[in-house]
There are 2 protein chains.
Amino acid sequence: MIQELKDNYGHLFEKELINEIAQVGTFKEVPAGYTMMAIGDYIRGVPLLISGAIKVMREDKEGDELLLYYLESGETCSMTMNCCMGHTKSEIKAVAEQDTKLIMVPVQKMEEWTAKYKSWRDFVFQSYHNRLNEVLHILDSVAFEKMDQRLVNYLKEKVRINDSNTIQNTHQEIAYDLHSSRVVISRLLKKLEQMGAIELHRNHIKIIDLE
Amino acid sequence: MIQELKDNYGHLFEKELINEIAQVGTFKEVPAGYTMMAIGDYIRGVPLLISGAIKVMREDKEGDELLLYYLESGETCSMTMNCCMGHTKSEIKAVAEQDTKLIMVPVQKMEEWTAKYKSWRDFVFQSYHNRLNEVLHILDSVAFEKMDQRLVNYLKEKVRINDSNTIQNTHQEIAYDLHSSRVVISRLLKKLEQMGAIELHRNHIKIIDLE
DNA sequence: CATTGTATGTAACCTTTGTTACACCATAAC
DNA sequence: GTTATGGTGTAACAAAGGTTACATACAATG
């Protein structure tokens with residue numbers, strides 16, 4: 001575990017902090033598709049990602065979903081901290097986008113380290129900073145852009161996160177992420193195909209050129 | 001200034017911190033409607049609100065706006081901190097909703113106090129926590145609700161912030177805040193009037209009962 | 001009182017998005 | 001093979017919201 005911590009967090013944390021994390025943290029491996037947190041869950045710990053990616057979503061009362069952002073290696077979940085601080089339940093849902101390795105740190109340590117280590121403090125602030133910006137960008141997207149542009153952004157981000165030009169999703173799954181309907185997404189995807197930007201196949205989409 | 005700090009922040013900060021703030025902070029008074037920050041501005045300091053309220057907005061490239069939330073007394077602007085940390089320009093616009101009194105603290109002090117005072121640390125985290133939640137609620141609203149419901153939410157919030165059942169705005173101004181068009185807002189307001197929820201007048205709206 | 005500028009009301013129309021319905025096709029299960 | 005299941009394509013329609021256009025009303029000013 002120490003080695004993985006050094007590889008992914010060595011440039012962020014001082015040696016003593018790395019050691020403390022190694023002592024109290026527990027290593028976890030979760031498969032793609034695994035639901036790591038649901039709305040209303042109580043928070044047990046703060047995750048530090050080693051590899052893979054986690055998809056973070058918002059949900060309304062009717063169970064409608066909206067993709068917020070992805071967490072990648074070297075990142076943590078501000079929302080989790082958010083909940084710990086407020087001693088409230090989770091307001092988001094988190095699902096492994098890929099097979100993911102991470103270290104869970106008990107929440108009590110958070111405050112202790114915040115006082116003790118400048119590097120931890122900076123990390124937590126930076127994390128809040130990043131998350132706030134990402135939520136703002138999603139808000140921009142939902143408020144100011146039309147569905148065709150949102151779909152293109154979505155596909156680009158998928159390509160980046162999974163580092164592959166093939167997107168392994170059904171139209172229905174994409175519709176859930178964008179909080180739209182399958183028919184609308186199929187329609188817009190078909191338009192993109194006719195423009196030569198993508199190729200449609202059953203259960204996967206090949207990205208040619210989203211310019 | 002000390003007295004105002006004690007009144008509004010005495011329950012949050014220890015005496016030494018209050019004294020430090022009083023030493024380095026500058027007291028400001030801004031009239032309703034004053035633009036305190038525009039997109040792209042560099043940040044000079046962190047504001048601590050004493051009285052009044054500040055409207056925080058997002059803007060896209062075309063200059064279209066969207067109301068994010070209001071800052072009230074005892075609150076600060078995480079976005080500002082956000083920008084200080086990243087040494088980036090402002091991503092939001094801030095306009096005084098009412099005549100507002102506040103204290104500006106130079107950004108350099110922020111990091112110093114974060115190490116020195118637990119109460120300041122807690123305040124900053126709490127502030128991030130609140131802002132993140134507010135942005136999430138706006139996102140919920142934009143993503144999951146229709147314009148009629150968003151309008152009702154908007155009117156309710158206006159009543160709360162200004163502590164008055166009369167809203168001093170034109171339909172056009174409301175349309176800007178909700179990123180809609182004047183005609184749509186007039187249409188929906190008229191519907192609310194016919195339902196007996198509000199009374200429409202030139203330049204102001206009287207709220208009767210939004211249930 | 002006449003003029004001007006701004007706020008509001010309303011109709012007609014268009015675009016985007018969502019809904020329903022159904023056909024067709026690929027794959028896996030039998 | 002046949003059947004069942006789930007994914008995709010498409011048409012027809014509905015609803016929400018945005019746009020254009022214009023009438024009207026109010027208030028401030030000269």
Side-chain angles (χ1 to χ4, degrees), chain A residues 33 60 62-67 138-155 158 166-208, chain B residues 33 60 62-67 138-155 158 166-208:
Chain A
D60 77 351
E62 276 90 39
D64 294 337
E65 292 182 356
L66 181 72
L67 169 65
I138 284 293
L139 181 61
D140 285 348
S141 184
V142 174
F144 299 131
E145 286 175 354
K146 295 209 206 104
M147 195 54 79
D148 54 355
Q149 187 57 50
R150 288 180 58 203
L151 177 58
V152 169
N153 294 346
Y154 173 87
L155 295 175
K158 269 269 182 188
T166 303
I167 292 173
Q168 303 283 346
N169 285 105
T170 65
H171 301 179
Q172 181 63 73
E173 287 167 340
I174 297 175
Y176 283 142
D177 282 352
L178 293 173
H179 186 244
S180 179
S181 85
R182 202 272 308 166
V183 178
V184 171
I185 298 302
S186 290
R187 196 146 71 196
L188 295 173
L189 283 172
K190 182 53 73 180
K191 220 180 272 179
L192 284 175
E193 187 176 46
Q194 281 159 359
M195 288 163 52
I198 60 177
E199 258 176 38
L200 296 178
H201 304 277
R202 187 187 176 85
N203 287 315
H204 69 278
I205 299 170
K206 192 171 163 210
I207 307 300
I208 310 293
Chain B
D60 77 353
E62 276 90 40
D64 295 338
E65 292 183 357
L66 180 72
L67 170 64
I138 285 293
L139 181 60
D140 285 349
S141 185
V142 174
F144 299 131
E145 286 175 353
K146 295 210 206 103
M147 194 55 80
D148 54 354
Q149 188 56 51
R150 288 180 57 202
L151 177 58
V152 169
N153 294 347
Y154 174 87
L155 295 174
K158 268 270 183 188
T166 303
I167 292 173
Q168 304 282 347
N169 286 104
T170 66
H171 300 182
Q172 182 63 71
E173 287 166 340
I174 298 175
Y176 283 142
D177 282 352
L178 294 172
H179 187 242
S180 178
S181 86
R182 202 272 306 164
V183 178
V184 171
I185 297 301
S186 289
R187 197 145 72 194
L188 295 173
L189 283 172
K190 184 51 74 180
K191 220 181 270 178
L192 284 175
E193 186 176 46
Q194 281 158 1
M195 289 162 53
I198 61 177
E199 260 176 34
L200 296 177
H201 304 277
R202 188 186 176 85
N203 286 316
H204 68 279
I205 300 170
K206 193 173 163 206
I207 306 300
I208 309 295

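In what follows, every heavy atom counts, from backbone to side chain, and hydrogens, waters and symmetry copies are set aside. Labels below follow one simple rule: chain letters A, B, ... track the order of the sequence lines, proteins then strands, and each chain is numbered from 1.
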Between [X] ([atom1]) and [N] ([atom2]), how many Å, whole number?
X        : N      : atom1 : atom2 : answer
B:Lys191 : C:dT10 : NZ    : P     : 13 Å
B:Ile205 : C:dA7  : CD1   : P     : 13 Å
A:Met147 : D:dG17 : CE    : P     : 14 Å
B:Arg187 : C:dA12 : CZ    : C1'   : 11 Å
A:Asp148 : C:dT15 : CG    : P     : 14 Å
A:Leu151 : C:dG18 : CG    : C1'   : 16 Å
A:Asp64  : C:dT19 : CG    : C1'   : 14 Å
A:Arg150 : C:dT17 : CZ    : C1'   : 11 Å

Distances under 3.5 Å between nitrogen or oxygen atoms of protein and nucleotides 7-9 of chain D:
{"residue": "D:dT8", "atom": "OP1", "partner": "A:His201", "partner atom": "O", "Å": "3.4"}
{"residue": "D:dT8", "atom": "OP1", "partner": "A:Asn203", "partner atom": "N", "Å": "3.1"}
{"residue": "D:dT8", "atom": "OP2", "partner": "A:His171", "partner atom": "N", "Å": "2.9"}
{"residue": "D:dG9", "atom": "OP1", "partner": "A:Lys190", "partner atom": "NZ", "Å": "3.1"}
{"residue": "D:dG9", "atom": "N7", "partner": "A:Arg182", "partner atom": "NH1", "Å": "3.0"}
{"residue": "D:dG9", "atom": "O6", "partner": "A:Arg182", "partner atom": "NH2", "Å": "2.8"}

(request) Check for a donor-acceptor pair, side chain of A:Glu173 on one end and backbone N or O of A:Thr170 on the other, with a separation under 3.5 Å. (result)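 Here the side-chain-to-backbone pair exists.
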Atom pairs and distances, donor-acceptor, side-chain atoms in residues 183-190 of chain B, under 3.5 Å, two or more places apart:
{"residue": "B:Ser186", "atom": "OG", "partner": "B:His171", "partner atom": "ND1", "Å": "2.8"}
{"residue": "B:Ser186", "atom": "OG", "partner": "B:Arg182", "partner atom": "O", "Å": "3.2"}
{"residue": "B:Ser186", "atom": "OG", "partner": "B:Arg182", "partner atom": "NH1", "Å": "3.1"}
{"residue": "B:Lys190", "atom": "NZ", "partner": "B:Glu193", "partner atom": "OE1", "Å": "2.8"}

(message) Before you tell me yes or no, could you show the steps for A:Lys158 and A:Asn169 under side-chain contact (heavy atoms from CB on, under 4.5 Å), namely the whole-Å CA-CA distance, both residues' side-chain angles and the distance that decides it to 0.1 Å?
(response) CA-CA 10 Å; A:Lys158 269 269 182 188; A:Asn169 285 105; 3.0 Å; yes
(message) Please report the interatomic distance OH(B:Tyr154) to CG(B:Asp177), rounded to the nearest 0.5 Å.
(response) 3.5 Å
(request) To the nearest 0.5 angstrom, please state how far the OG atom of A:Ser141 sits from the CE atom of A:Met147. (result) 9.0 Å
Which atom of [X] lies closest to which atom of [Y], heavy atoms considered:
X        : Y        : answer
B:Ile208 : B:Gly196 : CB-O, 3.6 Å
B:Phe144 : A:Glu65  : CE2-O, 3.9 Å
B:Ile198 : B:Leu200 : CD1-CD2, 3.8 Å

(message) Are more than 12 heavy atoms, taken from residues, nucleotides or ligands other than B:Tyr176, located less than 6.0 Å from that residue's OH atom?
(response)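 Counting neighbours around OH of B:Tyr176, 12 or fewer heavy atoms of other residues, nucleotides or ligands fall under 6.0 Å, so no.
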Which atom pairs link the protein and nucleotides 1-3 of chain C when you take only N or O atoms and keep those under 3.5 Å?
none

